[in-house]
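Everything on this sheet refers to the single structure shown next.
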Amino acid sequence: MRLEIFCQDRPGIAREVLDILAEREIDLRGIEVDPVGKMFLHLPDLSFDELKTLLPAIRRINGVNDVRTTAFMPTERDHFELATLLQTLPDPVISVDDKGRMLIINPAAAAHLKDDINALQGQPLNQWLSGFNLGRWLEEDEPAPITMLVKLAGQRLLADFLPIWVSDEQQRQTLAGAVITAKTPHKLNSQLNQARAGSASLDAILAESAVMKRLLRQAKKLAQLDAPLLIEGETGTGKELLARACHDSSLRREKPFVALNCASLPDSVAETELFGYGANAFSGAHASGKRGVFELTEGGTVFLDEVGDLAPAIQVKLLRLLQDGSFRRVGDETERKVNVRIICSTQRDLASLCREGQFREDLFYRLNVLSLKLPPLRERQSDILPLAQLFIDRHCAALGRESATLSQASQNLMLNYPWPGNVRQLENALLRAVSLLDGGQIEPKLLELPSQTPAVSLGDAALDGTLDEVMKRFEKNLLERLYPAYPSSRLLARKLGVSHTAVANKLRDYGINKKK
């Protein structure tokens with residue numbers, strides 16, 4: 001098990017923690033110190049009774065703010081991320097020391113060199129490399145990154161040679177080695193052409209806000225990789241749209257894209273739907289069996305929406321598939337392999353589900369190597385009105401009518417509304433408004449957005465007090481509900497048919513303003 005300790009940067013605090021472990025004869029398997037005020041301990045699994053006394057003892061140490069269990073040590077996550085990226089990258093990646101001896105070799109590089117990874121480690125790369133003197137480059141005073149057309153194991157490759165510098169406490173740099181990545185010129189040219197052709201899909205996603213522009217820049221990079229991709233976001237933020245755009249911008253764009261909602265499938269159906277079933281797997285099964293989604297999507301992308309709802313047994317099979325592409329159909333002993341990219345989405349906190357035992361930690365680490373987090377609509381305000389006009393034009397065209405516009409009051413309402421249903425709610429609200437619209441301008445009453453402020457109540461509690469007190473409560477609630485759509489004293493006064501001075505005084509008396 002692992003503990004995360006939140007503490008001050010005080011000399012001797014680590015020693016006091018270790019003393020507590022020694023007093024209880026608890027073996028310490030590892031310790032890591034974070035410069036921002038954290039310590040991580042790797043301990044053997046402890047019983048509840050042991051933890052019940054250990055955690056309070058650590059909390060009583062001067063300078064310790066809190067201590068809690070955690071799923072992994074920081075270096076464990078770093079190691080897992082690196083290992084996963086190296087295993088899933090389809091191109092050769094090799095790390096060498098300052099003498100040119102190979103230290104890290106990914107499976108693609110080992111396959112290219114036609115040898116086992118363990119056998120290759122420690123061997124000089126120069127014996128497979130021609131067209132570039134790696135040793136002389138490493139001996140330079142400051143070797144610069146360089147791209148060269150070389151031969152590796154007899155095959156022409158375009159290789160990037162990137163020096164690795166390590167800094168000490170005085171910021172003096174020492175050359176520790178280099179990383180070499182390589183592609184065939186034909187493959188590189190093909191990828192560039194396909195990326196140019198597919199990038200329009202991600203470019204077509206409307207993004208005026210800085211947060212969405214940053215997200216799409218990340219998505220364009222991650223779309224080109226074959227590692228699993230996890231897309232997080234609230235309901236209605238457009239997770240499936242982003243997943244499909246990533247597929248269309250990837251090297252798999254000519255292959256199928258299949259989306260499956262894990263939350264809508266019963267556990268008894270999900271396994272056969274994903275992995276298929278063998279001949280005579282159950283009563284009524286087809287004699288030749290049936291291919292599942294993964295086999296049907298060979299070479300393409302499978303999008304698993306709400307992956308957190310998968311049953312534990314299916315999580316095990318999915319983990320195996322992610323590790324080496326192999327699986328077995330239900331009721332079949334034959335080992336099968338597929339080549340698919342898996343993109344998952346969730347609106348739930350998978351880390352919390354892991355702590356509660358509802359989601360496998362090893363599967364979470366495997367899925368969470370590459371991730372994108374879609375912001376809710378309320379955090380991308382500059383996108384709201386452009387999106388609204390886009391949906392209005394689309395719905396008007398579908399209904400065969402001239403395009404409409406939003407009134408100023410409707411625009412104010414949209415910009416101040418929290419949009420709990422996000423982009424999906426915005427689109428549906430405008431579909432209804434356009435369907436009921438008689439003129440050319442959409443007013444707030446046509447949007448019929450559910451109120452996000454307390455409703456005006458005339459129940460017994462609201463009627464307590466004098467007439468003046470009841471009227472003030474009603475007046476305040478009424479102004480709070482109307483103000484998002486009419487966020488100025490003049491607009492609100494025009495709506496209510498009173499002077500803007502009177503409304504301004506009321507808003508000030510009740511503390512109603514844009515900040516609130």
Side-chain angles (χ1 to χ4, degrees), residues 1-87 166-167 169 218 227-234 307-308 310 312 315-316 319 322-323 344-375:
M1 70 177 300
R2 285 85 171 157
L3 295 182
E4 183 177 12
I5 301 174
F6 298 83
C7 59
Q8 300 172 8
D9 185 8
R10 177 176 67 78
I13 194 169
R15 178 70 185 183
E16 294 178 37
V17 172
L18 297 180
D19 288 343
I20 289 177
L21 299 180
E23 290 171 4
R24 289 165 169 74
E25 298 183 348
I26 298 174
D27 183 29
L28 178 66
R29 297 178 178 177
I31 180 170
E32 295 178 31
V33 179
D34 192 312
V36 297
K38 289 183 183 179
M39 271 192 292
F40 294 86
L41 305 180
H42 183 184
L43 309 174
D45 287 341
L46 303 177
S47 67
F48 177 76
D49 290 336
E50 289 175 309
L51 270 181
K52 191 167 61 174
T53 60
L54 174 63
L55 297 187
I58 295 176
R59 288 192 184 102
R60 283 193 293 270
I61 295 175
N62 180 31
V64 171
N65 300 321
D66 194 15
V67 56
R68 64 189 184 193
T69 59
T70 185
F72 48 79
M73 306 281 279
T75 53
E76 288 177 318
R77 178 182 174 86
D78 294 343
H79 173 77
F80 188 86
E81 287 177 342
L82 177 61
T84 301
L85 284 171
L86 288 174
Q87 287 192 4
V166 177
S167 300
E169 293 180 354
Q218 295 172 352
L229 175 62
L230 179 65
I231 300 176
E232 301 173 273
E234 295 178 5
V307 68
L310 282 177
Q315 292 178 29
V316 175
L319 177 64
L322 288 168
Q323 287 172 341
C344 300
S345 78
T346 181
Q347 59 176 313
R348 307 172 69 185
D349 185 351
L350 292 185
S352 296
L353 294 181
C354 290
R355 289 192 292 270
E356 296 166 6
Q358 299 181 38
F359 198 82
R360 292 183 63 93
E361 288 186 3
D362 46 4
L363 179 57
F364 171 63
Y365 302 148
R366 187 75 184 188
L367 292 175
N368 199 34
V369 176
L370 306 179
S371 62
L372 293 169
K373 188 173 182 63
L374 269 167

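Since the structure is predicted, the reported quantities are computational estimates derived from the model, not experimental observations. When a residue number appears, it is its place in the shown sequence, counting from 1.
- Electrostatic pairing of Arg15 and Asp19 counts as a salt bridge here, judged by a charged N lying under 4.0 Å from a carboxylate O.
- Residues Glu4 and Arg68 have side chains in contact (heavy-atom distance under 4.5 Å, counting atoms from C-beta outward).
- Put simply, CD1 on Ile13 and CG on Asn62 are 7.0 Å apart, with the number rounded to the nearest 0.5 Å.
- Across all non-hydrogen atoms, the minimal contact from Val316 to Arg360 is CG2-NH1, 3.5 Å.
- Residue Phe72 forms a ring-ring contact (aromatic ring centres under 6.0 Å, His included) with just one option from Phe364, Tyr365, Phe40, and that option is Tyr365.
- In this structure, NE2 in His42 is found 11.5 Å from OG1 in Thr70, a value given to the nearest 0.5 Å.
- Of the inter-residue distances, the one linking Cys344 atom SG with Ile231 atom CD1 reads 9.0 Å to the nearest 0.5 angstrom.
- Applying the side-chain contact (heavy atoms from CB on, under 4.5 Å) test between Val67 and each of Ile5, Leu54, Leu41 identifies Ile5 as the sole match.
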>> Show, in sequence, the C-alpha distance, side-chain angles and deciding distance for Ile61 and Ile20, and conclude whether the side chain to side chain contact (heavy atoms under 4.5 Å, CB included) test is met.
In response: CA-CA 10 Å; Ile61 295 175; Ile20 289 177; 3.4 Å; yes

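- When all heavy atoms are compared, the tightest approach of Met39 to Cys7 is CE-SG, 4.0 Å.
- Of all heavy-atom pairs spanning Pro44 and Met1, the tightest one is O-CG, 3.4 Å.
- Between atom CD of residue Glu76 and atom CZ of residue Arg2 there is a gap of 4.0 Å, rounded to the nearest 0.5 Å.
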>> I'd like to know whether Asn368 forms a side chain to side chain contact (heavy atoms under 4.5 Å, CB included) with Leu350, so could you lay out the CA-CA distance, the side-chain angles of the two residues, the decisive distance to 0.1 Å, and finally the verdict.
In response: CA-CA 9 Å; Asn368 199 34; Leu350 292 185; over 6 Å; no

>> Please evaluate residues Phe359 and Leu367 with respect to the criterion side chain to side chain contact (heavy atoms under 4.5 Å, CB included), reporting the C-alpha separation (whole Å), side-chain torsions for both, the decisive distance (0.1 Å), and the verdict.
In response: CA-CA 12 Å; Phe359 198 82; Leu367 292 175; 4.0 Å; yes

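- The distance from the CG atom of Asp362 to the CD atom of Gln315 is 9.0 Å, given to the nearest 0.5 Å.
- Between Val64 and Glu16 the shortest side-chain heavy-atom distance does not fall below 4.5 Å.
- You'll find the side chain of Leu43 stays beyond 4.5 Å of the side chain of Glu50, heavy atoms only.
- Here the shortest heavy-atom pairing between Pro74 and Glu32 reads CD-OE1, 3.3 Å.
- Closest heavy-atom contact between Leu370 and Ala227: CD1-CB, 3.5 Å.
- The closest side-chain heavy-atom distance from Leu3 to Thr69 is below 4.5 Å.
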> After noting the C-alpha distance and the side-chain angles of Met73 and Arg29, does the key distance pass the side chain to side chain contact (heavy atoms under 4.5 Å, CB included) rule?
Replying inline: CA-CA 11 Å; Met73 306 281 279; Arg29 297 178 178 177; over 6 Å; no

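- Put simply, CD on Glu361 and CG on Leu353 are 11.5 Å apart, with the number rounded to the nearest 0.5 Å.
- The environment of CG in Asp49 is crowded: more than 12 heavy-atom neighbours from other residues, nucleotides or ligands sit within 6.0 Å.
- The two residues Gln323 and Arg366 make their nearest non-hydrogen contact at CA-NH2, 3.7 Å.
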